[in-house]
Engineer: 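Please see the structure below; I have some questions.
Because the structure is a prediction, the values reported are computed rather than measured.
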Amino acid sequence: QVQLVESGGGLVQSGNSLKLSCAASSGTLNGGTLNAYAMGWFRQGPGKEREFVAAMSWIGGSSNYADSVKGRFTISRDKAKSTLYLQMNSVVPEDTAVYYCAAMPLATYYKGGYYVAGNYDYWGQGTQVTVSS
């Protein structure tokens with residue numbers, strides 16, 4: 001079955017940086033077949049709903065960000081490693097949350113549905129990020 005495994009979370013001071021990783025593995029969702037998918041990062045803070053952070057097509061060329069992270073976070077991927085990344089710079093306490101990576105059909109991404117959690121078919125277990133002030 002499809003597996004998405006996040007790592008890289010932890011405790012970080014406000015203003016510093018952190019890089020999250022998401023390793024994708026599956027009989028069908030790896031290597032070249034990832035080209036049929038778009039990947040996204042979501043987060044869920046204490047007492048809050050899960051919210052969109054960033055997304056990109058696996059084949060590359062386009063990415064999208066929530067306004068709250070635009071200019072601070074960067075989504076990227078390493079095709080050879082089948083790994084998705086989220087580089088988080090200039091973090092603030094409001095970035096404290098469990099961060100999830102997810103995969104959705106590429107067609108849905110191109111229709112603009114990347115910010116809707118319900119459009120994603122596969123999810124990781126999440127990694128905790130805590131930003132201290």
Side-chain angles (χ1 to χ4, degrees):
Q1 297 297 319
V2 171
Q3 287 187 332
L4 298 172
V5 181
E6 302 95 338
S7 61
L11 177 64
V12 59
Q13 285 190 330
S14 182
N16 286 353
S17 299
L18 196 65
K19 188 173 185 178
L20 305 182
S21 300
C22 173
S25 63
S26 166
T28 57
L29 186 65
N30 58 19
T33 62
L34 278 172
N35 288 338
Y37 290 85
M39 308 292 288
W41 287 98
F42 283 74
R43 66 187 182 185
Q44 188 165 14
K48 298 181 180 180
E49 294 186 355
R50 191 168 299 189
E51 65 173 356
F52 169 74
V53 174
M56 68 176 296
S57 60
W58 187 259
I59 60 175
S62 69
S63 58
N64 298 88
Y65 296 90
D67 288 342
S68 59
V69 306
K70 199 172 295 182
R72 301 189 298 122
F73 291 8
T74 302
I75 188 173
S76 64
R77 53 84 177 101
D78 185 326
K79 285 187 174 182
K81 296 182 179 179
S82 295
T83 301
L84 180 75
Y85 301 101
L86 184 68
Q87 177 67 46
M88 306 167 60
N89 297 330
S90 302
V91 296
V92 296
E94 291 74 23
D95 294 324
T96 294
V98 177
Y99 283 73
Y100 300 89
C101 71
M104 71 185 305
L106 187 59
T108 305
Y109 176 82
Y110 285 144
K111 292 178 183 178
Y114 51 83
Y115 61 94
V116 179
N119 288 336
Y120 288 78
D121 296 328
Y122 305 104
W123 290 85
Q125 83 290 347
T127 186
Q128 175 70 47
V129 173
T130 302
V131 181
S132 62
S133 57

Engineer: Grab the two heavy atoms, one from Leu20 and one from Trp41, that are nearest each other, plus how far apart they are.
Structural biologist: CB-CH2, 3.8 Å

Engineer: Please answer whether the main-chain N or O of Val131 pairs with a side-chain N or O of Thr96 as donor and acceptor at a distance below 3.5 Å.
Structural biologist: yes

Engineer: Taking the six-membered ring for Trp, are Tyr120 and Phe42 parallel (under 30°), tilted (30 to 60°) or perpendicular (over 60°)?
Structural biologist: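 Plane angle over 60°, so perpendicular.
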
Engineer: Is the closest side-chain donor-acceptor distance between Tyr37 and Asp121 under 3.5 Å?
Structural biologist: no

Engineer: For Ala97 and Arg43, which heavy atoms make the closest approach, and how far apart are they?
Structural biologist: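 The pair with the smallest heavy-atom distance is CB-CB, 3.7 Å.
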
Engineer: Can you list the steps and then say if Arg77 with Met39 is a side chain to side chain contact (heavy atoms under 4.5 Å, CB included)?
Structural biologist: CA-CA 9 Å; Arg77 53 84 177 101; Met39 308 292 288; over 6 Å; no

Engineer: For residues Val129 and Leu11: do they belong to one hydrophobic cluster (side chain heavy atoms under 4.5 Å, members Ile, Leu, Val, Met, Phe, Trp, Tyr)?
Structural biologist: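 No, no single cluster joins them.
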
Engineer: Check Lys70 against Tyr65 and note the closest heavy-atom contact, atom names and distance.
Structural biologist: CE-O, 3.7 Å

Engineer: For Arg72 and Met88: C-alpha separation, side-chain torsions, deciding distance, then whether side chain to side chain contact (heavy atoms under 4.5 Å, CB included) applies.
Structural biologist: CA-CA 6 Å; Arg72 301 189 298 122; Met88 306 167 60; over 6 Å; no

Engineer: Atom CG in Asn89, atom NZ in Lys19: separation rounded to 0.5 Å?
Structural biologist: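 One gets 10.0 Å once the value is rounded to the nearest 0.5 Å.
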
Engineer: Would you call the rings of Tyr100 and Trp123 parallel, tilted or perpendicular, taking 30° and 60° as the class edges?
Structural biologist: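 Tyr100 and Trp123: perpendicular rings.
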
Engineer: Is there a donor-acceptor contact under 3.5 Å from the side chain of Glu6 to the main chain of Gln125?
Structural biologist: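 Yes; at least one donor-acceptor contact below 3.5 Å.
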
Engineer: Quick one: pull up CG in Leu18 and CD in Gln87 and give me the separation to the nearest 0.5 Å.
Structural biologist: 8.0 Å

Engineer: Which heavy-atom pair separates Val92 from Ser14 by the least distance, and what is that distance?
Structural biologist: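 Scanning both residues completely, I find the closest heavy atoms to be CA-OG, 4.0 Å.
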
Engineer: Please name the pair of heavy atoms, one in Met104 and one in Tyr109, separated by the smallest distance, quoted to 0.1 Å.
Structural biologist: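 Reported closest heavy-atom pair: CE-N, 3.9 Å.
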
Engineer: For the OG atom of Ser82 and the CH2 atom of Trp58, what is their distance to the nearest 0.5 Å?
Structural biologist: 5.5 Å

Engineer: Starting from Tyr85, can I reach Leu34 by hopping between I/L/V/M/F/W/Y residues whose side chains sit under 4.5 Å apart?
Structural biologist: no

Engineer: Closest heavy-atom contact between Leu4 and Cys101?
Structural biologist: CB-SG, 3.7 Å

Engineer: Are Val116 and Tyr110 in one and the same hydrophobic cluster, where Ile, Leu, Val, Met, Phe, Trp and Tyr link if side-chain heavy atoms are under 4.5 Å apart?
Structural biologist: yes

Engineer: Does the side chain to side chain contact (heavy atoms under 4.5 Å, CB included) test come out yes or no for Phe73 and Leu86, once each step is laid out?
Structural biologist: CA-CA 7 Å; Phe73 291 8; Leu86 184 68; 4.2 Å; yes

